[in-house]
Trainee: 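Pasting in a structure now, in structure tokens, and then I'll have a few things to ask.
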There are 2 protein chains.
Amino acid sequence: MKGIHQLAEHLNISIGTVSRALNGKPDVNEETRRRVLAAAEELGYVANQSGRSLRQGETKVIGLMIESSKETVENADNFFLGVTSGLQSVFARHKLDLLMLPCPSDEDPHEYLKRMVARRIVDAMIISDTQRVDRRIDFLSRAKIPFVALGRSLSASNFPWIDLDFEGVADHAVERLISLGHRRIAITAPSSEANLGYLFIDSYRRALERHDIPFDPTLVIRVKSSEQGGYQAAHELLLLEERPTAVILIYELMAIGLYRRLMESSVMPGRDLAVIGFRDAPRARFLQPSLSCFRISLYDLGVALGRMLLATMPAYRDFYPGGERNIIWPLELMPGESDAFDVGAMV
Amino acid sequence: MKGIHQLAEHLNISIGTVSRALNGKPDVNEETRRRVLAAAEELGYVANQSGRSLRQGETKVIGLMIESSKETVENADNFFLGVTSGLQSVFARHKLDLLMLPCPSDEDPHEYLKRMVARRIVDAMIISDTQRVDRRIDFLSRAKIPFVALGRSLSASNFPWIDLDFEGVADHAVERLISLGHRRIAITAPSSEANLGYLFIDSYRRALERHDIPFDPTLVIRVKSSEQGGYQAAHELLLLEERPTAVILIYELMAIGLYRRLMESSVMPGRDLAVIGFRDAPRARFLQPSLSCFRISLYDLGVALGRMLLATMPAYRDFYPGGERNIIWPLELMPGESDAFDVGAMV
DNA sequence: CTGAAAGCGCTTACAG
DNA sequence: CTGAAAGCGCTTACAG
């Protein structure tokens, strides 16, 4: 089966009628529509997207840009695949397809994005890995391409984004540990200049201050956001002259490396050191003793991202009224065994 | 900047000349070409892909289909992102873009593929997760869509594929363990009906037979191909009345769960039990004692997949002459500490 | 070396 | 309710 012409010829009607029947336009005889649908199914006809796109000025494709840097490849915990399902559930209602656009590591992300957008491969974009200053945001805003970002940025004043509640995580974790009697609480932070690191530390500091616990900079352990970083964090922690009784992690995979290093020194999480992890990642779910960490539904996050994006697009706006343009995504603490001990009983 | 008409008008020349200049056609005055290129750059003009695709009958896009099933999301080790770079390095030479097509978990992979292909979103496809019987392969063959598969299949007799050398891994691992004095060697296999499981076990069996070691079915441990499966495998292994002195794993993440379960029973890999892992995954790289496992360059694998695919496409065939249509991808053993002991010294 | 024109496969006002 | 025709943005024979 080639194109709509062949299908129309096969049915002995005009291509216009075929198109209207296929696209569910109202002014088509029901019997005609039935015949068209049946023939299309039988012959496996599906409209060529280039033809449609050219005529309609839209591609019905949403792009999810991902950066396949070495760091991401080695450490990402398929975060994106998790979000994908939620996105697709929203897009499916509008017959929109989600494609992932992997930016080659040797191409500038900004140039890549420009190219994809200019070629009109997609109608809208979801970007992630936002930087404190991110030219992509300015570009998309100015080019009036609908987009939503996973992550805050200092670029542009008003654009749609969803970000994880790093402040809330730090706050909850500190409060919980203090309520369990801890006073000497370490925290990890990314060694990079990522915005979230600042948010995390600030919130930690404020929570301590609420309880009149002085902020001790030696308890802020800067390491890479990776499994290796967790190992390194445990190592540095064990070297501190006055060892903290608890530690809060900022990245999901850190817990795995941290546990390993602690075990090597026979320091047992949940007995000798309280540990609160970050996200409830599949890999971390398997740790023993079980990790106290924060639950997040990647599916729901995907749904929210999808809705927020469509709310910015004229063609779909009406389906998603009154939504927020910015969301701090809450995470829920899941108590495990890794911090389930009374610090008073220690020492 | 809208389209080629605006650009042509801006330059006071015809759209045909603009197109020829932009596309590097020879019969264009160099001064004209220079002016066109400069103006395009300045005004940010990039040809609309729908227009090109419609006219040329090709999209210049290659699709990499991935299945975002729950299993994949929880366990995949970003294998695809690793392959992506290699693919892109090949495609970049021909100005082809790679897009990832995530099949929604509630959609039949076969239907999804048909839809994407019929819509002409892509010129060619890379599929993975091949099943023993895989309708996608028959469909793509019949529809004459260029494709390459990552994984063998019993479907269709002759299609381009690359698969990992599971036989070689089993064979090398057994030979190595026997040379270290082991006689009682366990092996893991997937609990599913995956083809690779059969290949793996067969090769293991043959290697044993070469050394007159009888095949003992209780030493074939069927578990899920996941971290949890590794944990389970260790558990079952420890329950065996006559414990084996070595175990061979079939999936990269198994080692992590296996190590954990062994440690819980104070069984130390490389001292109390020899362990040979599968792929040298980033996460497994961090295990202690270091894991003996097989190295594979995902980048090189991506390059090979890309070349094999282009070799099947008339437009690019000439660039890749004489390539194989099927490759068993070799893996190289990287000795670590997890099997570095003389079994004679044990017991 | 350049321009004018055809046509890729669709959808959609417009007539009837 | 249906058909004929225009036109989306390109590339490419064809004339000149």
Side-chain angles (χ1 to χ4, degrees), chain A residues 1-37 39-40 43-61 95 97 115-123 315, chain B residues 1-37 39-40 43-61 95 97 115-123 315:
Chain A
M1 173 53 43
K2 275 281 305 300
I4 198 170
H5 281 102
Q6 282 73 10
L7 184 56
E9 199 169 354
H10 175 81
L11 288 160
N12 255 311
I13 55 179
S14 74
I15 59 163
T17 301
V18 170
S19 174
R20 281 188 293 265
L22 252 21
N23 289 297
K25 301 288 172 187
D27 52 353
V28 177
N29 180 295
E30 271 315 313
E31 166 62 11
T32 308
R33 189 193 305 279
R34 211 192 43 67
R35 283 182 59 223
V36 173
L37 258 29
L43 301 171
Y45 171 78
V46 178
N48 178 312
Q49 189 56 41
S50 295
R52 303 188 82 168
S53 298
L54 198 54
R55 170 63 222 234
Q56 304 195 120
E58 54 180 18
T59 62
K60 302 281 186 185
V61 170
K95 295 189 181 278
D97 276 308
R115 192 161 60 83
M116 293 317 239
V117 164
R119 279 176 69 191
R120 300 275 150 188
I121 303 254
V122 299
D123 290 340
Chain B
M1 173 53 45
K2 274 281 304 302
I4 197 171
H5 281 103
Q6 282 73 11
L7 184 56
E9 198 170 355
H10 175 82
L11 288 160
N12 255 312
I13 56 179
S14 73
I15 60 164
T17 300
V18 170
S19 175
R20 281 188 293 265
L22 252 22
N23 289 297
K25 301 288 173 188
D27 51 353
V28 177
N29 179 295
E30 272 314 313
E31 166 63 10
T32 308
R33 189 194 303 280
R34 211 193 41 68
R35 281 183 58 222
V36 172
L37 258 29
L43 301 171
Y45 171 79
V46 178
N48 177 313
Q49 189 56 41
S50 295
R52 303 188 82 168
S53 298
L54 199 53
R55 170 65 221 234
Q56 305 195 120
E58 54 180 19
T59 62
K60 302 282 185 186
V61 170
K95 294 190 181 277
D97 276 308
R115 191 161 61 83
M116 293 316 242
V117 164
R119 281 175 68 190
R120 301 273 150 188
I121 303 254
V122 299
D123 290 340

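Every chain is numbered from 1, with letters handed out A, B, ... down the list of sequences.
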Trainee: Identify, between B/Thr17 and A/Asn23, the residue whose nearest nucleotide on DNA chain C lies closer to the 5' end.
Mentor: B/Thr17
Trainee: Does some side-chain heavy atom of B/Val122 sit less than 4.5 Å from a side-chain heavy atom of B/Met116?
Mentor: no
Trainee: Taking CD from A/Gln49 and C1' from D/dG9, how many angstroms apart are they, rounded to a whole number?
Mentor: 15 Å
Trainee: Return the value, rounded to whole Å, for the distance between atom CD1 of A/Ile15 and atom P of C/dT11.
Mentor: 9 Å
Trainee: On DNA chain D, compare the nucleotides closest to B/Ser50 and B/Asp27; which residue's is nearer the 5' end?
Mentor: B/Ser50
Trainee: Going by modelled atom types, is there a donor-acceptor pair between the base of D/dG3 and the side chain of A/Arg20 at under 3.5 Å?
Mentor: yes
Trainee: Which whole-number value in Å describes the distance from B/His5 NE2 to D/dC8 P?
Mentor: 8 Å
Trainee: Determine whether more than 12 heavy atoms belonging to other residues, nucleotides or ligands lie under 6.0 Å from atom CD of A/Glu9.
Mentor: no
Trainee: Check whether any side-chain heavy atom of A/Val61 lies under 4.5 Å from a side-chain heavy atom of A/Asp123, and answer yes or no.
Mentor: no
Trainee: Between B/Thr32 and B/Gln56, just flag the one whose closest nucleotide in DNA chain C comes earlier from the 5' side.
Mentor: B/Thr32
Trainee: Let me know the distance between CZ of B/Arg52 and P of D/dC8, rounded to the nearest Å.
Mentor: 19 Å
Trainee: Determine which nucleotide pairs with D/dG3, using a 3.5 Å limit on both distances of a Watson-Crick or G-U wobble pair.
Mentor: C/dC14
Trainee: Output yes when at least one side-chain N/O atom of A/Lys25 is less than 4.0 Å from OP1 or OP2 of C/dT12, else no.
Mentor: yes
Trainee: Starting from C1' on C/dT2, measure out to CD on B/Glu31 and report it in whole angstrom.
Mentor: 15 Å
Trainee: Nearest whole Å is fine: how far is C/dG7 P from B/Leu54 CG?
Mentor: 14 Å
Trainee: Kindly indicate whether the side chain of A/Val18, heavy atoms from C-beta on, has any atom under 4.5 Å from the side chain of A/Ile13.
Mentor: yes
Trainee: More 5' along DNA chain D: A/Ser14 or B/Ala47, using each one's nearest nucleotide?
Mentor: A/Ser14
Trainee: Give a yes/no answer on whether the side chain of B/Tyr45 brings an N or O atom under 4.0 Å of OP1 or OP2 in D/dC10.
Mentor: yes
Trainee: Specify the separation, in whole Å, of atom CD1 of B/Ile4 and atom C1' of C/dG3.
Mentor: 13 Å
Trainee: Taking only N and O in the side chain of B/Asn48, is any of them less than 4.0 Å away from OP1 or OP2 of D/dC8?
Mentor: no
Trainee: Test side-chain contact (heavy atoms from CB on, under 4.5 Å) on B/Arg119 and A/Lys60; report intermediate values, then the result.
Mentor: CA-CA 11 Å; B/Arg119 281 175 68 190; A/Lys60 302 281 186 185; 4.1 Å; yes
Trainee: Mind checking B/Gly57 for me? I need base, sugar-phosphate or nothing, with any heavy atom below 4.0 Å counting as a touch.
Mentor: nothing
Trainee: Expressed as a whole number of angstroms, how long is the span from A/Leu22:CG to C/dT12:P?
Mentor: 12 Å
Trainee: Within less than 4.0 Å of OP1 or OP2 of D/dG7, is there a side-chain N or O belonging to A/Arg55?
Mentor: no
